[in-house]
Each structure stands twice: as C-alpha cells, then as structure tokens.
Amino acid sequence: NASYWIAAEEYLSQHGELRAPMHAVVEHHLSVDPGNAIRLVTQELDERVVIRHVLGDDSVAAVTQLTTAITSTTATGAISVSSTTNFSII
C-alpha cells in the first residue's frame, strides 16, 4: 500500500499547481512483492491524473487516480501528457 501512496505523493510534490482539496482513489489489482520492478505510467487528463503501477510483465498492479474535485469516474478527456518512471520495491 505504501508504494502506491508514495507514487501519488511524489507526483503531487512535483506539481505544485495542484492544490487541496484533492480526492485520491487507489484500485489494487495485483500484489507487489519486495524486489519487483515497477514502472509508473502517468497520464494527465482534463480533470484527473491517472498513475498506473505496471509490473515487469506489463500487468497493472494498481491504478491511482487524483482529482482536484470529486468527479464522475466516467469523465473523459484528451491525454495531454504521458510519462513513465521506473523504480523497484525494496
């Protein structure tokens, strides 16, 4: 659980333009074990940021969504930025 929140906190610390109140949802799909390599795939959409925690076999372990206001989960928007960050769970 902590690795998912660390990714969200690091993203927010690098994007000071996002201000409280924030709404965060973490969807757990697979377990992450010590030593697993994780790739973070970040998409900045119109009303939210989506961070996917991707394992080495390209399966998604978790999805974190950050919004500045509670919005519908069906909201759509054009992807403005997509980035990838790699890290390992120790």
Student: Do T42 and V49 come within less than 4.5 Å of each other through their side chains, counting heavy atoms only?
Tutor: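 T42 vs V49: side chains touch.
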Student: Quick one about Q43 and R52 (side-chain donor to acceptor, distance below 3.5 Å, no hydrogens or angles considered), yes or no?
Tutor: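 Present: a donor and an acceptor within the cut-off.
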Student: May I ask you to test the E47-T67 pair for a side-chain heavy-atom distance under 4.5 Å?
Tutor: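 Contact flag for E47/T67 side chains = no.
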Student: Kindly indicate, with the supporting measurements, whether the criterion side-chain contact (heavy atoms from CB on, under 4.5 Å) is fulfilled by H23 and R48.
Tutor: CA-CA 9 Å; H23 181 75; R48 65 183 177 204; over 6 Å; no
Student: Begin from the C-alpha positions of V60 and L30 and carry the test side-chain contact (heavy atoms from CB on, under 4.5 Å) through to its verdict.
Tutor: CA-CA 7 Å; V60 177; L30 300 169; over 6 Å; no
Student: Any side-chain heavy atom of V54 sitting closer than 4.5 Å to one from I38?
Tutor: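 A side-chain contact under 4.5 Å is absent here.
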Student: I'd like to check E10 versus W5 (side-chain heavy atoms, cut-off strictly below 4.5 Å). Are they in contact?
Tutor: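 Not touching, per the 4.5 Å side-chain cut-off.
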Student: Is there a side-chain contact between V41 and I51 (heavy atoms, below 4.5 Å)?
Tutor: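 V41 does not reach I51 side chain to side chain.
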Student: Do V50 and L45 have side-chain heavy atoms sitting under 4.5 Å apart?
Tutor: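 SC-SC contact between V50 and L45 confirmed.
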Student: Which atom names give the shortest non-hydrogen contact between A61 and L55, and what distance separates them?
Tutor: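 Answer, listing the atom of A61 first, then L55: CB-CG, 4.1 Å.
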Student: Testing the basics here: between A8 and L66, what is the closest heavy-atom pair and its distance to 0.1 Å?
Tutor: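 Looking at all heavy atoms of both residues, the closest pair is CB-CD2, 4.2 Å.
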Student: Calculate, to the nearest 0.5 Å, the distance between atoms CG and CG belonging to D57 and N36 respectively.
Tutor: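 Taking CG in D57 and CG in N36, the distance rounds to 9.0 Å.
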Student: Determine the minimum heavy-atom distance between A7 and H53, stating which atoms define it.
Tutor: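 Looks like CB-CE1, 3.6 Å.
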Student: Any donor-acceptor pair under 3.5 Å linking the side-chain atoms of E9 with those of Y4?
Tutor: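 No pair is found: no donor N or O on one side chain lies under 3.5 Å from an acceptor on the other.
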